[in-house]
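Input: a single structure, listed below in structure tokens.
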Amino acid sequence: MKRRTALIAGAAAAALVLSACGSGGGAAGVTSFDIAVSNASEPYSIPWLVGKDQGFFAKRGVTIGEIVPGKGGGTTVRNMLSGDLPMADVGFTSVLESSEAGTPLTVVAGATQSVYGLDFYTLDSNTGVRTINDVHKWAYTNPQSVTQALSYILPKVAGATQEIERTSSGGVGEGVALLEAGTVDVAVVPPSVVAKTGKFRVVVSSADYLKKFQQSVITTTPEFAERNPDTVKAVVAGYQESVEFIRANPQKAAQLYADYIDIDVAAATTIVTKAVQYDNWGAGFDAEAIQQAVEAQRLAMNRTDLPFCDLFQKAYLPANVPTTLPAECGAAQ
């Protein structure tokens, strides 16, 4: 606990000496910083790429520098807290578990609200694994990750009753290596990797079982939000404008994404188009998506209750997004 507190204090102190160089958008305090993004080579990064390219953050007085990739789970939270990264687009389940462990965090906006991009694959040559009922060894990326929570809730929703051994691979690439070694039956293989090779076959399409799921959220520390409210509002509003731009201009978004991760524009276009179809991104709070993620994490942590309502702060959301929290939150703000 003392180490976590020290990390938070260090991150906040570092953030407060960053350049306040923005203008024109009314943002005050810290207005220039890098952003931590879970698995930045995947679609999580697209709204940030668009916002930077189109000036949606800059026109509000905020400069987003580098997109700093995390590996999912608690690693992205630690990236945020241990560096000059006062805000992050991080897996919601890792925020839940980190908060439960005593790390002060505030969720200021939604981000990724579907399970698009989190399908579980096997090698195409593995003829013994065809459906979710055939999965006995299931790899997820990291502890506290969305993929860990999905490894629990997907079999439950599907009615699968077999014994399942769950393994933390340590990352997406490591999960692929476990598949190739024959150590596990399924692992998450993201769209960017699938687009580059034809050797994987989907076994569990997560969206077949879960329509909505809060994959990631925009988070910060309570101290940073309280000291820099205009900056937080500017980032959230810029993110939402980026989402709206992607819906209207998927080809432009795809070109930015293709250039960023070095894949074919046609493959990037397919990824962006499908993400739009799944309503993948949104800065607002979606009660159904949040509740589904909470229930998945409760399963993963083997507990019936997991406080989360106080994490969400509606004060930083723009007026044009939903602000609905699950019913159990009542009038939580």
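Numbering starts at 1 and runs along the sequence shown.
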Look at the side chain of [X] and the backbone N and O of [Y], then say whether any donor-acceptor pair between them is shorter than 3.5 Å.
| X | Y | answer |
| --- | --- | --- |
| Gln162 | Ile132 | yes |
| Asp53 | Leu49 | no |
| Asp259 | Leu256 | no |
| His136 | Glu163 | yes |
| Gln313 | Val108 | no |
| Lys233 | Pro318 | no |
| Asp185 | Lys137 | yes |
| Ser45 | Glu42 | yes |
| Ser99 | Leu105 | no |

Path from [X] to [Y] over hydrophobic side-chain contacts below 4.5 Å:
| X | Y | answer |
| --- | --- | --- |
| Tyr116 | Val243 | yes |
| Tyr260 | Val276 | yes |
| Phe245 | Ile271 | yes |
| Leu210 | Val202 | no |
| Val193 | Phe120 | no |

Mind listing the closest non-hydrogen atom pair of [X] and [Y] along with its distance?
| X | Y | value |
| --- | --- | --- |
| Asp124 | Arg201 | OD1-NE, 3.4 Å |
| Ala293 | Leu96 | O-CD1, 4.5 Å |
| Ser38 | Tyr44 | O-CD1, 3.1 Å |
| Ser145 | Thr147 | OG-OG1, 2.9 Å |
| Val135 | Ile164 | O-CG1, 3.6 Å |
| Ala36 | Leu85 | CB-CD1, 4.0 Å |

inquiry  = With side-chain contact (heavy atoms from CB on, under 4.5 Å) as the criterion, how do Gln54 and Glu241 come out once you've worked through the C-alpha distance, each side chain's angles and the decisive distance to 0.1 Å?
reply    = CA-CA 10 Å; Gln54 296 296 307; Glu241 189 170 2; over 6 Å; no
Within the 4.5 Å heavy-atom criterion, are [X] and [Y] side-chain neighbours or not?
| X | Y | value |
| --- | --- | --- |
| Leu150 | Tyr140 | no |
| Val235 | Tyr316 | no |
| Met301 | Glu100 | yes |
| Phe92 | Val294 | yes |
| Leu325 | Cys309 | no |
| Pro104 | Thr221 | no |
| Phe33 | Ile64 | yes |
| Ser206 | Phe213 | no |

inquiry  = I'd like to know if Lys211 and Glu288 make a salt bridge, using a cut-off of under 4.0 Å between side-chain N and carboxylate O.
reply    = no
ask   = Any salt bridge between Glu295 and Lys156, counting N to O under 4.0 Å?
value = no
ask   = Yes or no on side-chain contact (heavy atoms from CB on, under 4.5 Å) for Thr269 and Gln251, after CA distance, side-chain angles and deciding distance?
value = CA-CA 6 Å; Thr269 300; Gln251 188 63 45; 3.4 Å; yes
inquiry  = Using side-chain contact (heavy atoms from CB on, under 4.5 Å), reason through Ile153 and Tyr209 one step at a time and then give a plain yes or no.
reply    = CA-CA 9 Å; Ile153 197 168; Tyr209 303 98; over 6 Å; no
Separation between [atom1] of [X] and [atom2] of [Y], rounded to the nearest 0.5 Å:
| X | Y | atom1 | atom2 | result |
| --- | --- | --- | --- | --- |
| Leu179 | Asn126 | CG | CG | 8.5 Å |
| Arg60 | Thr31 | CZ | OG1 | 14.5 Å |
| Glu165 | Ser151 | CD | OG | 11.5 Å |
| Ser192 | Ile261 | OG | CD1 | 4.5 Å |
| Gln148 | Thr93 | CD | OG1 | 7.5 Å |
| Thr141 | Asn39 | OG1 | CG | 6.5 Å |

task = Report the residue from Asp279, Asn280, Asp286 that forms a side-chain hydrogen bond (donor to acceptor under 3.5 Å, both in side chains) with Gln113.
result = Asp279
message = For Asn302, I'd like to know if atom CG has over 12 heavy atoms of other residues, nucleotides or ligands within 6.0 Å.
response = no
message = Is the positively charged end of Arg166 above the ring of Tyr152, judged by distance under 6.0 angstrom from the centroid and angle within 45° of the axis?
response = yes
remark   = Only one of Leu118, Thr197, Val176 passes side chain to side chain contact (heavy atoms under 4.5 Å, CB included) with Val189, and that residue is Val176
request  = Start with the C-alpha distance between Thr112 and Ser216, add both sets of side-chain angles, then the distance that settles side-chain hydrogen bond (donor to acceptor under 3.5 Å, both in side chains), and finish with yes or no.
outcome  = CA-CA 5 Å; Thr112 307; Ser216 71; 3.0 Å; yes
ask   = Out of Phe56, Trp281, Tyr239, which residue meets the ring-ring contact (aromatic ring centres under 6.0 Å, His included) rule with Trp48?
value = Tyr239
task = Classify the angle between the aromatic ring planes of Tyr121 and Phe200 as parallel (below 30°), tilted (30 to 60°) or perpendicular (above 60°).
result = perpendicular
request  = Could you walk me through whether Glu244 and Asn320 pass the side-chain contact (heavy atoms from CB on, under 4.5 Å) test, one step at a time?
outcome  = CA-CA 11 Å; Glu244 294 163 2; Asn320 63 333; 3.0 Å; yes
